[in-house]
Amino acid sequence: MAEKITYYAIVDEFSSRENPGGVLRRIRNDEGISDEAFSADFKWEFSPLLAGAERGDTMFDIIPISEAEASRIVARIRETGLATE
């Protein structure tokens with residue numbers, strides 16, 4: 001199986017899809033599924049948020065976005081020093 005990466009915006013009452021609080025990605029490959037968030041350390045790290053949202057156990061809206069949107073969010077987080085985790 002080729003690796004497939006899906007990106008998601010993290011949105012709450014203080015953010016929007018256009019200016020989300022953070023970004024997640026789900027990586028699917030031959031080894032399985034890995035969920036990561038772009039962290040306060042400015043790197044991709046494991047996150048339980050996406051799996052929790054799928055179970056209905058989250059206070060965030062998790063919205064699928066394009067790779068280009070995810071790149072824009074990561075760049076903004078790097079520039080402003082803001083990250084959710």
For this session: Evaluate the criterion side-chain contact (heavy atoms from CB on, under 4.5 Å) for residue pair Trp44 and Val23; output intermediate values, then yes/no.
Result: CA-CA 10 Å; Trp44 291 100; Val23 64; 3.7 Å; yes
For this session: Could you please spell out the steps behind the side-chain contact (heavy atoms from CB on, under 4.5 Å) verdict for Leu24 and Ile10?
Result: CA-CA 7 Å; Leu24 298 167; Ile10 303 170; 3.7 Å; yes
Exercise. Are Arg17 and Ile65 close enough, and set up right, to give a side-chain contact (heavy atoms from CB on, under 4.5 Å), and what steps lead you there?
Worked result: CA-CA 9 Å; Arg17 180 183 174 136; Ile65 58 173; 3.8 Å; yes
For this session: Could you walk me through whether Asn19 and Ser16 pass side-chain hydrogen bond (donor to acceptor under 3.5 Å, both in side chains), step by step?
Result: CA-CA 5 Å; Asn19 193 21; Ser16 65; 5.7 Å; no
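Scanning all heavy atoms of the two residues, the minimum distance from Glu45 to Asp41 falls at OE2-OD2, 3.6 Å. The two residues Pro20 and Arg76 come nearest to each other via the heavy atoms O-NH2, 2.6 Å.
At a threshold of 4.5 Å between non-hydrogen side-chain atoms, the residues Ile77 and Phe38 count as touching.
For the atom pair CD1 of Ile27 and OH of Tyr7, the computed distance is 7.5 Å after rounding to the nearest 0.5 Å. Taking CD of Glu69 as the reference point, atom CD of Glu18 lies at 8.5 Å (rounded to 0.5 Å). Note that the CZ atom of Arg78 and the CZ atom of Phe42 stand 7.5 Å from one another [nearest 0.5 Å].
The hydrophobic cluster around Val11 extends to Ile63, counting ILVMFWY residues whose side-chain heavy atoms fall within less than 4.5 Å of a member.
Cluster membership for Tyr8 and Ile33, using ILVMFWY side-chain heavy atoms within less than 4.5 angstrom, is not shared.
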Name each donor-acceptor pair under 3.5 Å that joins a side chain in residues 49-57 to protein atoms two or more places apart or in another chain, with its distance.
| unit_1 | atom_1 | unit_2 | atom_2 | d |
| --- | --- | --- | --- | --- |
| Glu54 | OE1 | Arg26 | NH2 | 3.2 |
| Glu54 | OE2 | Arg26 | NH1 | 2.7 |
| Arg55 | NH1 | Ala51 | O | 3.4 |

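Asp12 places a side-chain N or O within donor-acceptor distance of the main-chain N or O of Phe14, the cut-off being under 3.5 Å.
If you run side chain to side chain contact (heavy atoms under 4.5 Å, CB included) between Arg25 and each of Asp35, Ile5, Val74, only Ile5 comes through.
Other residues, nucleotides and ligands contribute more than 12 heavy atoms inside 6.0 Å of the CD atom of Glu3.
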